[in-house]
Amino acid sequence: MLHFYSTQGQCPPATLEEAVMNGLAPDGGLYMPERIPRLPDSFIKQLPALSFHELSYEIAKTLLGESLTENTLLEIIKKSSHFDAPLKKISPGIHSLELFHGPTLSFKDFGAQFMAQLMGYFMQKKDNPLHILVATSGDTGSAIAQAFLDVPSIKVWILYPQGKVSWTQELQLTTMGKNITALEVQGTFDDCQRLVKTAFSDQDLRSKRSLTSANSINIARLIPQSFYYFRGFAQLEDPYLPTVFSVPSGNFGNLAAGIIAQRMGLPIHHFIAATNINDSVPSYLKSGIFTPKPSKHTISNAMDVGNPSNFARLLDLYGNDWTKIRHALFGVSYTDIETENAIHQVFTHNHYILDPHGAVAYLGLQSYLKSKAENINGIFLETAHPAKFAADVEKCIHQKIDIPPNLQETLLKTKYATLIGTDYSELKSLLEGCE
């Protein structure tokens, strides 16, 4: 059976169920699989002939087949992989991997749907309800809310920073009701993340409530995010050219998932870690010194993270060796003005509408291409539908964006959120007082 170890290395290995249901390891570390099995070359060659559903199942079976039966995995994949990730050619050598075709129009849907099905399976044999705590800087909250809505014996608490998510994002995560509670925190995303981590380390609270996380610190979010890297590669016209992925990065779970895909055999030549002005990781790649910073608000708000949790996984994947990390990752950061200019230019010249996060990834890919003379397959991740950031995007392209029908329905709903401060005692009181 596959076990999972903590990046802190101060507690015993965990089973898949323990890692998923606890979220964070007892020593405060993040769970990682003890081994990452490599898929055969024959599978990589077969990718273009497989549906997203089929390739997702094969990858999940290779990684988790010792922990779950084939029938269980089939059912989980069937219910969670019901939307695609199409690859769109923008210009010669540059492609957009569209990850916004799920129910909340965000890449977070892939991990959230898989996690909800997996946790729902594990909860079948539990007596006490499970409380999921989620800190969100944008799209995570709505994806988790949608995925876990009406899942029996699970209650979700979403913490988001007041005034620092788009109105569309806020409505998506505050209009669910039922087993979903939105907490509007008078602070930053880093404050939200700190509150969640404090709750996990509060043994008094954990003796009263079963807690877990649905952020990308949970390994169940990370594993399915590796699937769409395979799906993107499968759609390339010339898979024999070196393939480079540019990943818009905030908490760095998406990039960690890509590295796992690479370790499983996907021939990824290089990764680009593209951020906004919250550039802790690009700065680390330049200096070798990691300096967490208070997060700053930008139009690419899902990336407004000053102290990314998954940095621990990046270090772990490369043996805490800065030289290896720097060789494998190309780190860059961009301002809001640069992001807005990219949205305008791509729309003007290529007739393609970027969201702010995809624009940062596009800029990262362009920077990489300028530094290399080789012909490559460049893929940037377009992580959210531009309509979720309509005001900012429309200002750049000077025209209205078509709003998808499911998003139009959300915009007509009423917001329900509980306002709390940044003192942990408020969150603890709410969690202890719920039934």
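Note: hydrogens, waters and symmetry copies are ignored here, and every other heavy atom, side chains too, is used.
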Do any N or O atoms from the side chain of Asp279 and from the backbone of Ser333 form a donor-acceptor pair under 3.5 angstrom?
-> no

What pair of heavy atoms forms the shortest contact from Pro248 to Ala361, and how long is it?
-> CD-CB, 3.5 Å

Looking at Asp316 and Arg313, does any basic side-chain N land under 4.0 Å from a carboxylate oxygen?
-> no

Is there a donor in the side chain of Thr188 and an acceptor in the side chain of Asp190, or the other way round, less than 3.5 Å apart?
-> no

Mind checking whether Tyr362 and Phe380 have parallel, tilted or perpendicular rings, split at 30° and 60°?
-> perpendicular

Has the side chain of Gln262 got a donor or acceptor atom that lies under 3.5 Å from a matching backbone atom of Ile268?
-> yes

Any donor-acceptor pair under 3.5 Å linking the side chain of Gln235 with the backbone of Arg231?
-> yes

Test item: Asn278 side-chain N/O and Gly306 main-chain N/O as donor-acceptor pair under 3.5 Å | no

Measure from the side-chain N and O atoms of Asp27 to the backbone N and O of Gly29, and report whether any donor-acceptor pair falls under 3.5 Å.
-> yes

With distance as the sole criterion, is a donor-acceptor pair present between the side chains of Asn301 and Gln169 under 3.5 Å?
-> yes

Does any donor atom in the side chain of Lys108 or Thr140 lie under 3.5 Å from an acceptor atom in the other side chain?
-> yes

Under the 6.0 Å and 45° cation-pi test, does Arg263 pair with Tyr318?
-> yes

Given Asp423, Asp202, Thr198, the one that forms side chain to side chain donor-acceptor pair (under 3.5 Å) with Lys428 = Asp202

Whether Thr410 side chain and Asn406 backbone form a donor-acceptor pair below 3.5 Å = yes

Taking the six-membered ring for Trp, are the ring centroids of Phe110 and Phe227 within less than 6.0 Å of each other?
-> no

Test item: side-chain donor near acceptor, Tyr334 and Asn341, under 3.5 Å | no

State which residues pass side-chain contact (heavy atoms from CB on, under 4.5 Å) with Asp402; sequence neighbours excluded, sorted by chain then number.
-> none

For the rings on His270 and Tyr368, is their centre-to-centre separation under 6.0 Å?
-> yes

Are the side chain of Thr212 and the backbone N or O of Met21 linked by a donor-acceptor pair below 3.5 Å?
-> yes

Hey, is Asp304 close enough to Lys164 for a salt bridge, meaning N to O under 4.0 Å?
-> no

Is it true that Asp150 and Lys178 have a side-chain N and a carboxylate O under 4.0 angstrom from each other?
-> yes

Stepwise, does the side-chain hydrogen bond (donor to acceptor under 3.5 Å, both in side chains) test hold for Gln193 with Asn307?
-> CA-CA 9 Å; Gln193 192 159 248; Asn307 187 12; over 6 Å; no

Measure across Leu64 and Ile223 and return the closest heavy-atom pair with its distance rounded to 0.1 Å.
-> CD2-CD1, 3.8 Å

So does Lys78 have more than 12 non-hydrogen atoms from other groups sitting under 6.0 Å from NZ?
-> no

Would a distance-only check, ignoring hydrogens and angles, find a side-chain to backbone donor-acceptor pair under 3.5 Å from Arg221 to Met115?
-> no

Donor-acceptor pair, side chain of Lys388 and main chain of Thr104, under 3.5 angstrom | yes

Main-chain N/O of Leu211 paired with His131 side-chain donor or acceptor, under 3.5 Å | no

Does Lys415 come within less than 4.0 Å of Glu184, counting only side-chain N to carboxylate O?
-> yes

Can you find a side-chain donor-acceptor pair between Thr181 and Lys155 that sits under 3.5 Å?
-> yes

Tell me, please, which residues at least two apart from Ala116 pass side-chain contact (heavy atoms from CB on, under 4.5 Å).
-> Ala147, Phe148

Any luck finding a side-chain donor-acceptor pair between Thr422 and Asp191 under 3.5 Å?
-> no

